Amino acid sequence: MTMTDPIADMLTRIRNALRASHEVLDVPASRVKLSMVKVLKSEGYIKNFKIVSDGRHRQIRIFLRYDKDGSAVIDGIKRVSKPSCRVYRKHDQMPPVLNGLGINIVSTSKGMMTDREAMRQGVGGEILCSVW
């Protein structure tokens with residue numbers, strides 16, 4: 001069976017792992033997912049990640065981050081642009097996430113970045129997901 005939206009699958013795996021208080025989760029690797037995970041790490045939403053391989057399949061091992069109270073750093077993660085309805089925005093039309101408390105992950109011609117970085121560089125693109 002083919003997967004129609006692998007990015008939504010990764011976001012759902014992260015959401016489920018956070019609800020179950022898992023420390024680590026594995027997702028099938030791809031360049032887009034790896035770029036998204038790099039943005040999540042640079043923004044401090046996850047502890048770390050690494051690529052693991054069993055010889056045939058590559059996986060991204062994501063180490064989730066929790067605060068001192070044991071609650072997850074990521075309160076919510078939502079897919080914005082879907083295969084059936086793509087969402088593109090110019091750099092000056094990026095919607096804020098919770099009045100600036102969260103981020104949008106944007107796929108631009110200069111690579112994957114946050115909405116703030118896209119506005120700073122003056123590039124627009126496809127808004128893949130929102131994290132808060």
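Computation of the quantities below employed the complete heavy-atom set of this structure, encompassing side-chain atoms and omitting hydrogens, waters and symmetry-equivalent molecules. Predicted, not measured: the structure shown is a model, and the values here were computed from it. In what follows, residues are counted from 1 in the order of the sequence shown.
Among residues at least two apart or in separate chains, salt bridge (charged side-chain N to carboxylate O under 4.0 Å, His left out) pairs with a member in residues 102-121 are E117-R120.
Of all the heavy atoms in Y45 and L101, the pair that sits closest is OH-O, 3.9 Å. Contact detail for H91 and M119: the closest heavy-atom pair is O-CG, 2.9 Å. Closest approach of I46 and F63 over heavy atoms only: CB-O, 3.7 Å. The shortest heavy-atom contact between M3 and P6 is SD-CA, 3.5 Å. The two residues R89 and P95 make their nearest non-hydrogen contact at CG-CD, 4.2 Å.
No donor-acceptor pair under 3.5 Å is formed between the side chain of N104 and the backbone N or O of V106.
Atom CZ of R58 has 12 or fewer neighbouring heavy atoms from other residues, nucleotides or ligands inside a 6.0 Å radius. Summarising the local packing, CZ of R65 is surrounded by 12 or fewer heavy atoms from other residues, nucleotides or ligands at distances under 6.0 Å.
At a threshold of 4.5 Å between non-hydrogen side-chain atoms, the residues V37 and K41 do not count as touching. The shortest side-chain heavy-atom distance between P28 and R13 falls under the 4.5 Å cut-off. Residues I51 and S53 fail the side-chain proximity criterion, which asks for heavy atoms closer than 4.5 Å. For the pair M36 and L11, the minimum side-chain heavy-atom distance is below 4.5 Å. A heavy-atom distance below 4.5 Å is not found between the side chains of M112 and K38.
When the options K33, K50, R61 are evaluated for a salt bridge (charged side-chain N to carboxylate O under 4.0 Å, His left out) with D26, the one that passes is R61. For the side-chain hydrogen bond (donor to acceptor under 3.5 Å, both in side chains) with S71, the qualifying choice from D75, D67, D69 is D67, the only one to do so.
In this structure, CG on L128 lies 5.0 Å from CD1 on I7, to the nearest 0.5 angstrom. The OH atom of Y66 lies 9.0 Å from the CD1 atom of I74; values are rounded to the nearest 0.5 Å. Taken from CD1 in I60 to CG in L25, the straight-line distance is 9.5 Å, to the nearest 0.5 Å. Here the straight-line distance linking atom CG of L40 with atom OG1 of T114 works out to 11.0 Å at 0.5 Å rounding.
With a 4.5 Å cut-off between side-chain heavy atoms of Ile, Leu, Val, Met, Phe, Trp and Tyr, the cluster of M113 takes in V123.
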